[in-house]
Amino acid sequence: MDREAPELHCARTVWYGQNRPGIGAGRLPEGHSVTFTTAAALVHELMEARGERRLRALQKHLNTVKLLIVDELGYVPFTAVGSELLFEVFSQRYERGATLATSNLPFDEWTSVFGSERLTGVLLDRLTHHVHILEINGESFRLAISKKVQRRRCRSRCG
């Protein structure tokens, strides 16, 4: 990446791409709350809370977090209910709290995850308003490390 990422405490940010080292690490002033979760885990937690009649309490908690990081958006498609619950989280945080979402999918493929073109359109409208979008292309960070380790092992064995 040519430029340094903007300070996360002053921006709502959507990242997508394969190589995302250090997401959420050391960028907020001390005392600011950060919640990190995968999209699938968050949807699972929301659905569980709904079934146990504690959804409002969970939503209230998620609204008080200064920075909500939702990783891996797009790896697992959601049910209609799961999509609606995740939409509610993003919608309730809109212009109230910083949200960082990572995805390996371009925006035009998000309908395959959320299942509804209308819901996806409204969600993207909210997520992309007042944001910094960082598109990061390139080789996977984990793959690059694995290749490096493999080369070292080969050199040490092969002399």
Side-chain angles (χ1 to χ4, degrees), residues 1-49 58-59 61-83 85-90 93-94 97-116 119-120 123-124 126-159:
M1 194 160 68
D2 298 314
R3 317 181 285 235
E4 188 161 324
E7 291 297 318
L8 296 179
H9 65 276
C10 66
R12 290 159 182 81
T13 306
V14 176
W15 284 8
Y16 65 97
Q18 294 179 0
N19 191 1
R20 304 177 309 273
I23 290 174
R27 302 291 278 179
L28 289 176
E30 191 174 325
H32 283 40
S33 55
V34 178
T35 295
F36 177 93
T37 184
T38 64
L42 180 56
V43 167
H44 179 76
E45 186 175 358
L46 289 163
M47 292 183 73
E48 191 175 90
L58 177 58
Q59 289 172 327
H61 165 72
L62 292 170
N63 288 336
T64 63
V65 174
K66 291 288 185 185
L67 173 61
L68 175 64
I69 302 173
V70 181
D71 197 19
E72 299 177 353
L73 190 59
Y75 286 88
V76 179
F78 307 122
T79 64
V81 172
S83 294
L85 290 171
L86 186 58
F87 169 80
E88 279 299 311
V89 169
F90 287 135
R93 293 184 58 78
Y94 174 63
T99 303
L100 189 150
T102 69
S103 179
N104 65 336
L105 295 177
F107 294 137
D108 62 357
E109 294 181 31
W110 281 30
T111 302
S112 66
V113 176
F114 290 97
S116 164
L119 184 131
T120 304
L123 175 65
L124 285 172
R126 292 193 175 129
L127 280 179
T128 59
H129 189 229
H130 304 303
V131 302
H132 295 281
I133 298 173
L134 303 174
E135 183 174 357
I136 303 169
N137 294 310
E139 188 176 75
S140 162
F141 182 69
R142 291 179 189 104
L143 180 60
I145 289 174
S146 294
K147 285 181 178 180
K148 195 174 186 178
V149 168
Q150 190 86 21
R151 284 192 299 268
R152 285 182 188 159
R153 286 181 185 158
C154 183
R155 281 189 218 133
S156 65
R157 280 189 236 147
C158 301

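- With values rounded to the nearest 0.5 angstrom, Glu88 atom CD is found 12.0 Å from Leu62 atom CG.
- Between His61 and Thr64, some side-chain heavy-atom pair lies under the 4.5 Å cut-off.
- A pairwise comparison of heavy atoms in Met47 and Gly82 identifies SD-CA, 4.0 Å as the closest pair.
- Between Phe114 and Trp110, the angle of the ring planes lies from 30° to 60°, which puts this pair in the tilted group.
- Contact record, Ser83 with Val113: OG-O, 4.0 Å, taken as the closest heavy-atom pair.
- Among all heavy-atom pairs drawn from Arg126 and Phe87, the shortest one is NH1-CZ, 3.0 Å.
- A donor-acceptor pair under 3.5 Å is formed between the side chain of Arg93 and the backbone N or O of Val65.
- Considering OG1 of Thr99 and CD1 of Ile69, their distance stands at 10.0 Å, rounded to 0.5 Å.
- In this structure the side chain of Arg151 reaches within 4.5 angstrom of the side chain of Lys148, judged on heavy atoms.
- When the options Leu86, Asn104, Val43 are evaluated for a side chain to side chain contact (heavy atoms under 4.5 Å, CB included) with Leu73, the one that passes is Leu86.
- Asn63 CG to Leu68 CG: the interatomic distance, rounded to the nearest 0.5 Å, is 9.5 Å.
- A donor-acceptor distance shorter than 3.5 angstrom exists from the side chain of Ser33 to the backbone of Lys66, with no hydrogens or angles considered.
- Taking every heavy atom of both residues into account, Pro77 and Ser112 meet most closely at CB-O, 3.8 Å.
- When side chains are defined from C-beta on, Leu127 does not count as touching Phe107, because their heavy atoms never get closer than 4.5 Å.
- Atom CG of Leu46 and atom CD of Glu48 lie 10.0 Å apart (nearest 0.5 Å).
- Between Arg153 atom CZ and Gln150 atom CD the span is 6.5 Å, to the nearest 0.5 Å.
- The line from CG of Asp71 to OG1 of Thr102 is 3.5 Å long, rounded to the nearest 0.5 Å.
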